[in-house]
Amino acid sequence: MARLRRGAVRALPESEPFRVYYRLDDDHAHRARVSSVLIANLGDLPGNVEMIPDAEVDDGRLDVAVLQPKGFLGWLQVWRRVTWENRVLRRTAIGRTVIKMRDDAEGSERSSVIAYLRGRSFSLDLGDDAKELEVDGDEFGQVVKIVAKTDASAVVIRVDREHLD
């Protein structure tokens, strides 16, 4: 896991930003220059990295993180958010208050580093610029468009009564 984490830490900042169009649910399309887009239904990545802090596996929604850092300082802001804010500050009421106060003060400038989205469907269009898609860390192939949707009640989980208490 440590090797994977170090590899991602080195690879992401070196990745070239690219232009995308994305749409959440039936909202209008947004245009952005991104370094990475993560579509998930849970927020933890291997190596105990809490990438999407409010993600819940059983809420029936997709959680999306759109990474848009600008240069080295932007990647430092991503690192600070993921390691300090997501893993430390969000765990306490005081920490959440500090984050909210900073969000209010910084406004849209803060959300430009990592935008967190939540919805039932998400589409990503890369135009003619195909990019490598990874699914659970495994290479999937080149894509120019991705459509992800939730399917309510698609998975049935059974639990013994003794484990419910």
Side-chain angles (χ1 to χ4, degrees), residues 1-25 27-56 61-92 94-119 121-140 142-148:
M1 295 277 182
R3 188 178 326 155
L4 173 66
R5 226 180 19 222
R6 281 193 305 269
V9 167
R10 280 192 305 257
L12 279 175
E14 293 174 3
S15 65
E16 288 293 320
F18 53 97
R19 185 77 54 202
V20 298
Y21 296 90
Y22 65 87
R23 179 186 312 259
L24 184 70
D25 294 330
D27 196 9
H28 64 279
H30 299 271
R31 181 179 173 187
R33 189 165 171 83
V34 304
S35 292
S36 186
V37 177
L38 287 84
I39 305 169
N41 68 341
L42 55 98
D44 296 335
L45 298 176
N48 200 24
V49 175
E50 195 168 339
M51 188 67 197
I52 307 174
D54 297 326
E56 296 180 25
R61 296 199 172 151
L62 294 170
D63 290 278
V64 180
V66 180
L67 281 73
Q68 305 172 83
K70 292 176 179 71
F72 180 73
L73 290 177
W75 282 108
L76 285 178
Q77 290 176 314
V78 168
W79 178 82
R80 184 195 75 211
R81 266 188 98 174
V82 171
T83 60
W84 173 244
E85 292 179 20
N86 292 357
R87 292 191 69 212
V88 177
L89 288 183
R90 287 184 183 271
R91 296 179 191 258
T92 67
I94 293 171
R96 289 188 295 274
T97 301
V98 168
I99 291 170
K100 178 158 180 22
M101 288 172 38
R102 188 172 339 154
D103 285 353
D104 292 344
E106 294 180 7
S108 64
E109 183 66 30
R110 177 173 161 72
S111 64
S112 67
V113 177
I114 302 177
Y116 292 116
L117 310 170
R118 177 175 287 146
S121 66
F122 180 79
S123 64
L124 183 71
D125 190 337
L126 301 162
D128 295 330
D129 191 22
K131 295 289 179 192
E132 187 67 35
L133 173 69
E134 288 185 14
V135 178
D136 279 343
D138 295 324
E139 292 181 10
F140 187 80
Q142 298 277 320
V143 298
V144 292
K145 186 169 185 172
I146 300 165
V147 177

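Each residue takes its place number in the sequence, starting with 1. Small disclaimer: the values here were computed from a predicted structure and weren't measured.
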**Item:** For F122, the option from V147, V37, D25, D63 that meets side chain to side chain contact (heavy atoms under 4.5 Å, CB included)
**Value:**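 Only one option passes, and that is V37.
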How many angstroms lie between [atom1] in [X] and [atom2] in [Y], if you round to the nearest 0.5 Å?
X: L24; Y: H30; atom1: CG; atom2: NE2; value: 7.5 Å
X: H28; Y: Y22; atom1: NE2; atom2: OH; value: 8.5 Å
X: I146; Y: L133; atom1: CD1; atom2: CG; value: 4.5 Å
X: L38; Y: E134; atom1: CG; atom2: CD; value: 9.5 Å
X: R61; Y: L117; atom1: CZ; atom2: CG; value: 12.5 Å

**Request:** Under the side chain to side chain contact (heavy atoms under 4.5 Å, CB included) rule, collect the residues that match up with F18, sequence neighbours excluded.
**Result:**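 Testing F18 for side chain to side chain contact (heavy atoms under 4.5 Å, CB included), a comparison that skips the adjacent residues, returns V20, V34, L126, D129, K131.
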Search all heavy atoms of [X] against all heavy atoms of [Y] and return the closest pair with its distance.
X: I114; Y: A65; answer: CG2-CB, 4.3 Å
X: A148; Y: L62; answer: O-CD1, 3.4 Å
X: Q77; Y: V113; answer: OE1-CG2, 3.1 Å
X: Q68; Y: A32; answer: OE1-CB, 3.6 Å
X: F140; Y: E132; answer: N-OE2, 3.7 Å

**Asked** Is L67 close to W75 at the side-chain level, that is, under 4.5 Å between some pair of heavy atoms?
**Response**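 Yes - at least one pair of side-chain heavy atoms lies under 4.5 Å apart.
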**Request:** Please say whether more than 12 non-hydrogen atoms of neighbouring residues, nucleotides or ligands are located less than 6.0 Å from CD in E139.
**Result:**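 It does not: E139 CD has 12 such atoms or fewer within range.
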